[in-house]
Amino acid sequence: MRDLREFIACCEQDGELKRVTAQVDWDLELSHIAKLNEEKGGPALLFENVKDYGSPVLTSACTTTNRLALIMGMPKETSLVEIMREWVKRTKTKVPPRFVDKAPCKENIDMGDKVNLFKFPVPKVYPKDGGRFFGTTAYCVTKSPKTGWVNLGTYRLQMLDERTLGTQFIKGKHADMMLKEYAELKKPMPVAAVIGGDPLLFVLGAARIPASESELDYAGAIRGFPLDVVKGETVDLPIPATAEIVVEGEVDPVAMLPEGPFGEYTGYYSGIGTTPRPFIKVKCVTYRNDPIFWLTTVGRAVTDTHMTMALSYGATLWQELEQMHVPGIKSVYCPPEGAGRFIAIISVKQMYPGHAAHVGTAAISTEMGAYGLKTVIVVDEDIDAWDLPRVLYALSFRFNPARAEFIKRGRSTPLDPSLPIDAREITSRIIMDATIPYEWKEKPIPIAPDAELTKKVQARWAELGL
Ligand SMILES: Cc1cc2nc3c(=O)[nH]c(=O)nc-3n(C[C@H](O)[C@H](O)[C@H](O)COP(=O)(O)O)c2cc1C
Ligand SMILES: [Mn+2]
């Protein structure tokens with residue numbers, strides 16, 4: 001799959017997409033239709049008649065495991081855990097992108113005064129949002145001025161005026177780390193905010209890929225071929241050739257403008273009112289003919305963003321545990337109900353005393369775990385990580401709170417509503433070992449029915465009238 005259009009065609013063929021031809025208002029109406037549709041488990045939507053605009057808006061692309069499987073190029077019935085297993089397998093060897101000269105994303109080029117972000121049908125999502133957010137699926141391409149490492153990160157981008165996008169690069173995110181490097185050099189940071197291209201790039205932009213690694217190389221690895229990229233018009237950055245819309249510009253590391261608020265995937269606003277934050281001064285916009293604008297819904301779980309993150313956070317956690325050579329990992333699951341990021345469940349085949357503790361402490365040391373992850377549950381191999389009733393069984397009958405580990409201080413997300421609004425930089429964590437300790441000589445004896453008698457009884461089922 002090379003672009004959003006191929007994904008749309010693929011969804012349509014599989015009965016996973018509906019075109020909405022009735023006129024819909026970009027101002028709240030569109031997002032509310034998308035959200036309600038997602039809550040009913042509906043298809044991806046392509047809004048073809050957006051009020052005041054002539055180009056379409058795509059929503060709900062990632063809401064179901066069916067469509068996540070299609071994005072991964074797998075059969076649509078594939079389960080989330082199988083999709084993650086495949087991600088882990090395919091990303092063992094990274095495949096860097098290759099530069100091409102011609103690209104569909106250059107079909108239209110608006111420079112300088114011609115730039116007008118209001119040209120695109122950017123929806124307003126919730127009534128209390130500070131404005132229209134150009135970036136929900138947009139990923140920012142940036143480059144480290146020190147090492148040349150290219151990063152893709154999905155960060156919200158607010159339309160502040162025709163040529164300005166407000167940013168929220170949370171501390172320690174890769175664009176924030178790079179912006180600090182530019183600040184040391186007293187230079188603005190070139191950036192390209194991209195919508196579309198291979199849909200996997202949005203998923204990867206939102207994924208917790210370790211620092212110094214490029215999401216573009218992961219995309220190549222998952223696809224099995226290098227991604228086509230093209231140089232920017234005004235920025236020296238690799239831009240996915242099949243992107244729908246590319247916004248090129250610069251971020252001054254010192255200048256700030258009020259940004260926000262925005263209804264987040266936690267179901268809450270991340271702060272109160274606006275906050276001064278860095279912004280992108282847009283120099284150039286390039287786009288395909290009839291560009292497709294792409295929105296992911298946020299707000300109460302579980303809908304589009306939550307499913308995206310359940311896949312990408314689960315897969316990257318699993319992949320890093322493999323990279324750390326933690327043995328015996330059977331499955332990993334980061335429930336979409338926790339937006340894929342606050343709770344992780346890991347199933348392990350224990351092979352030595354302290355193995356479950358090894359898994360738990362390794363998990364919170366990964367790129368994914370060292371950020372907002374608060375609860376890690378480790379279960380034995382007879383329980384699948386996604387089998388929540390069995391996980392609750394393990395928490396009831398195998399878990400002893402005295403074997404929980406508390407970590408008092410860890411990096412947090414300012415989006416976590418469980419922390420006071422002015423103290424969200426640091427969180428605590430808990431590792432819940434819900435396994436039977438490996439080293440116990442006397443282990444609880446599981447009840448097993450008599451096999452012979454079970455067969456006999458089954459044979460009498462009809463006679464028993466059951
Ligand atoms: C819809 C959506 C909006 C997001 N908004 C932000 C944001 O405004 N700021 C931020 O730091 N992360 C945001 N994230 C999370 C990042 O995409 C995620 O942490 C990712 O790891 C960032 O890339 P990086 O690891 O290369 O920094 C958002 C994710 C999604 C799916
Ligand atoms: Mn990154």
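Both counts, for ligands and for their atoms, begin at 1 and track the order of listing. Please read these numbers as outputs of a predicted model, since none were measured by experiment.
- Atoms of ligand 1 found under 4.0 Å from any heavy atom of Gln168, numbered from 1 in the order shown, are 7 (C), 8 (O), 9 (N), 10 (C), 11 (O).
- Of all protein atoms, those of element N, O or S that lie under 2.8 Å from the Mn ion (ligand 2) number 3.
- Contact annotation: Glu215 has at least one heavy atom less than 4.0 Å from an atom of ligand 1.
- Contacts between Thr154 and ligand 1, counted as non-hydrogen atom pairs separated by less than 4.0 Å, involve both the backbone and the side chain.
- Under 4.0 Å from ligand 1, the heavy atoms of Tyr313 that appear belong solely to its side chain.
- Close contacts between ligand 1 and Gly153 involve ligand atoms 23 (O) [criterion: under 4.0 Å to a heavy atom].
- Of all atoms in ligand 1, listed by their number and element, those nearer than 4.0 Å to a heavy atom of Thr136 are 1 (C), 2 (C).
- At a 4.0 Å heavy-atom cut-off, ligand 1 touches Asn151 through the side chain alone.
- Under 4.0 Å is where a charged nitrogen must lie from a carboxylate oxygen, and between Lys330 and Asp384 no such pair does.
- Residue contacts with ligand 1 leave out Thr308, since none of its heavy atoms falls under 4.0 Å from the ligand.
- Using a 4.0 Å cutoff on heavy atoms, Leu152 counts as a contact of ligand 1.
- The single protein non-hydrogen atom nearest to atom 31 (C) of ligand 1 is Thr305 CG2, 3.6 Å, given as residue, atom name and distance.
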